[in-house]
Amino acid sequence: MTDKGSNRTITMKDDESGKTASFPIMNGTAGVPVMDIRSLYKEMGVFTYDPGYTATGSCKSEVTFIDGDEGILLYRGYPIEQLAEKSDYMEVCYLLMFGELPTKAQYDKFVYDISHHNMVHDQINNFFRGFRRDAHPMAVMCGVVGGLAAFYHDSLDINDPRHRMVAQYRLVAKMPTIAAMAYKYTIGQPFVYPRNHMGYAENFLHMCFSTPCEEYKVDPVISKALDTIFTLHADHEQNASASTVRLAGSTGANPYACISAGIAALWGPSHGGANEQVLNMLEEIGTKDKVASMVQKAKDPDDPFRLFGFGHRVYKNFDPRATVISKAAHDVLNTLGIHDPLLEVAVELERIALEDEYFIKRRLYPNVDFYSGFILKAMGFPVSMFTALFAIGRTVGWVSQWNELIGDPEQKINRPRQLYTGSAARDYVNIGQR
Ligand code: ACO
């Protein structure tokens with residue numbers, strides 16, 4: 001329980017009726033206190049108006065904490081920098097799902113169990129064949145993950161903690177398999193089955209890049225970098241996709257449908273889809289000398305264009321994930337001896353934007369998506385796979401938050417209110433008289 005309680009209240013007064021009501025302030029273990037307005041409508045007869053939920057806490061959560069001003073990201077209390085350096089993705093998954101770091105025995109069992117859930121039902125192969133070959137992998141993933149509910153009837157009782165746990169393991173385990181199948185399908189190669197002796201990232205790379213024709217050896221530099229990318233993307237508290245998962249989950253929908261909804265929300269270019277758009281944008285810029293004009297375009301209030309990979313709802317100082325990933329991008333490219341001219345464009349774009357009054361005033365900094373694409377490109381992934389890779393890493397955050405939601409006694413169906421601005425009540429007019 002994070003609410004430490006408080007005697008502090010905020011009192012509101014309605015200027016018109018003179019009615020007053022006090023609302024308690026709740027404190028978590030860290031972060032901004034929140035005002036409990038659950039009785040607002042009953043007491044004052046008004047709702048709150050907060051499009052985009054910029055000042056609304058939708059739940060209590062013990063999973064992840066972000067301090068956007070200080071650039072802090074904690075998974076279950078552990079700083080992301082320490083986890084990226086010392087831990088690995090499987091350990092982070094265990095931490096997010098169970099709340100504590102595993103012992104060696106717990107870790108080994110977890111890795112074993114996840115790897116033994118990584119195959120998909122053979123009938124699912126037929127699902128893929130229904131898609132066009134040029135389908136976007138995220139479209140395929142929305143469909144296939146949502147369809148898993150049709151295959152795993154033994155884990156659909158959301159009120160049974162064991163069913164919930166089995167569904168969580170399945171989703172974390174099968175997501176790389178499904179993403180790799182989506183990739184193989186688009187390039188017309190046969191599906192490659194998972195290998196249980198391989199690590200999580202290594203196995204995914206193998207499923208994507210090996211063929212039945214020749215041996216594919218996974219480069220440990222690449223699998224380590226991918227493992228770090230998954231770790232950095234594992235959770236991010238109440239972001240748009242996690243909130244979507246929670247909203248779907250609040251209706252009692254099955255876990256596969258909820259995660260499919262999360263994948264759909266992640267795909268948007270303002271969220272996870274930005275990593276794909278960053279590379280497209282840098283390719284469009286092409287050379288360092290064209291950076292300034294693109295920055296100018298992003299500043300133009302009459303132009304909807306925004307610099308992809310810049311800005312964040314919560315981080316207003318720096319994105320700690322971006323710091324780790326920008327270093328990893330340079331290291332991976334150096335180690336692999338890859339010279340990507342677009343990296344120079346990115347560095348120049350970052351330099352110009354960070355010195356520009358427009359970006360400084362609005363506190364816009366590179367986010368995690370700005371540099372991740374370079375590593376993924378160096379690994380051989382096409383840009384269309386970038387958001388699918390994000391979805392793999394984020395699945396553990398989604399399932400952990402979904403499980404927390406279902407177990408939360410305060411949980412209710414998520415049902416926001418509105419400020420209605422349409423026509424007032426009017427009488428129906430028969431079609432001949434309109
Ligand atoms: N380029 C140019 N201007 C920007 C950018 C940007 N990338 N981001 C925000 N701004 C400007 C806005 O135009 C606005 O200016 P104004 O005050 O003059 O109107 C101001 O900064 C504040 O922006 P908001 O849209 O109000 O901020 P919000 O918190 O709603 O949006 C978001 C955050 C969606 C991430 C936004 O910064 C953006 O669109 N960034 C580009 C897409 C992107 O990289 N998304 C990935 C986010 S990280 C993730 O999901 C993993």
Side-chain angles (χ1 to χ4, degrees), residues 32 50-56 64 66 68-69 71 73 75 80 84 138 228-245 262-282 284-285 291-326 329 346 349-376 383 386-398 401:
V32 179
D50 184 19
Y53 314 122
T54 55
T56 297
T64 293
I66 303 174
D69 289 322
L73 168 59
Y75 293 162
I80 190 65
M138 287 296 277
T228 304
I229 287 179
F230 288 154
T231 295
L232 294 175
H233 287 84
D235 194 40
H236 216 224
E237 52 119 303
Q238 305 316 315
N239 57 84
S241 55
S243 300
T244 304
V245 169
I263 295 170
L266 184 75
W267 192 7
S270 295
H271 191 12
N275 60 7
E276 180 175 345
Q277 299 305 334
V278 169
L279 259 271
N280 292 339
M281 174 185 77
L282 293 173
E284 199 187 323
I285 298 174
V291 166
S293 62
M294 200 56 116
V295 171
Q296 212 48 43
K297 186 171 155 64
K299 287 160 53 176
D300 182 351
D302 299 324
D303 190 326
F305 172 75
R306 288 181 166 196
L307 285 186
F308 289 103
F310 264 78
H312 198 274
R313 168 61 60 79
V314 184
Y315 294 122
K316 300 295 175 195
N317 188 343
F318 67 95
D319 179 341
R321 304 167 302 171
T323 313
V324 176
I325 219 156
S326 107
L349 181 61
E350 183 180 2
R351 187 188 69 76
I352 293 187
L354 292 185
E355 287 173 359
D356 192 296
E357 193 48 38
Y358 173 97
F359 291 85
I360 295 170
K361 197 172 139 220
R362 289 168 181 75
R363 305 175 77 193
L364 302 169
Y365 296 85
N367 58 49
V368 68
D369 289 329
F370 193 65
Y371 280 105
S372 62
F374 288 99
I375 309 184
L376 302 180
V383 282
F386 289 4
T387 316
L389 276 122
F390 190 155
I392 296 174
R394 181 55 58 86
T395 297
V396 71
W398 290 330
Q401 295 211 37

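Just so you know, these numbers use all the heavy atoms, side chains as well, and skip hydrogens, waters and symmetry mates. Read the numbers this way: they start at 1 and go in the same order the structure lists the ligands and their atoms. For this chain, numbers begin at 1 and follow the sequence in order.
Looking at ligand 1, you'll find an N or O of Gly309 within less than 3.5 Å of one of its N or O atoms. At least one N or O atom of Ser270, backbone or side chain, sits closer than 3.5 Å to an N or O atom of ligand 1. Checked by distance only, ligand 1 and Phe310 come closer than 3.5 Å through their nitrogen or oxygen atoms. Of the N or O atoms in Lys316, none lie within a sub-3.5 Å distance of an N or O in ligand 1. Considering backbone and side-chain atoms alike, Asn367 places an N or O below 3.5 Å from some N or O of ligand 1.
For the side-chain contact (heavy atoms from CB on, under 4.5 Å) test with Tyr315, the passing option among Asn367, Val368, Ile66 is Ile66; the others fail.
Between the Thr395 side chain and the Ala391 main chain, a donor and an acceptor come within less than 3.5 Å of each other. In this structure a side-chain-to-backbone donor-acceptor pair under 3.5 Å is present from Asn317 to Asp69. Of the possible donor and acceptor atoms, one in the side chain of Asp50 sits under 3.5 Å from a partner among the backbone N and O of Ala55. The closest donor-acceptor contact from the side chain of Asp356 to the backbone of Leu354 lies at 3.5 Å or more, if one exists at all. Using modelled atom types, no side-chain atom of Arg394 and backbone atom of Ser241 make a donor-acceptor pair closer than 3.5 Å.
Comparing Pro366, Gly311, Gly273 against atom 37 (O) of ligand 1, the shortest heavy-atom distance belongs to Gly311. Counting only non-hydrogen atoms, the option in Arg306, Arg362, Arg394 that gets closest to atom 24 (P) of ligand 1 is Arg306. Of the options Asp300, Leu307, Thr54, Asn239, the smallest heavy-atom separation from atom 1 (N) of ligand 1 is shown by Leu307. Distances from atom 5 (C) of ligand 1 to the heavy atoms of Thr387, Leu232, Leu364 put Leu364 nearest.
Less than 4.0 angstrom separates atom 27 (O) of ligand 1 from none of the non-hydrogen atoms of the protein. For atom 19 (O) of ligand 1, the nearest protein heavy atom is 4.0 Å or more away. Atom 22 (C) of ligand 1 is never approached by the protein to below 4.0 angstrom, counting heavy atoms only. By the definition of a contact as any protein heavy atom under 4.0 Å away, atom 50 (O) of ligand 1 is in contact.
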**Study point:** ring pair (Phe, Tyr, Trp, His ring centres under 6.0 Å) between His236 and His312, worked out
**Key:** CA-CA 12 Å; His236 216 224; His312 198 274; 5.3 Å; yes
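Taking 4.0 Å as the cut-off, Gly52 does not count as a neighbour of ligand 1 on heavy-atom distance.
In summary, the atoms of ligand 1 found under 4.0 Å from a heavy atom of Pro269, numbered by their order in the structure, are 42 (C), 45 (N).
With Tyr365 as the aromatic partner, Arg363 does not meet the cation-pi criteria of under 6.0 angstrom to the ring centre and within 45 degrees of the ring axis.
Heavy-atom minimum distance, Ala240 versus His271: CB-CD2, 3.8 Å.
Residue contacts with ligand 1, taken as heavy atom pairs separated by less than 4.0 Å, do not involve Phe370 at all.
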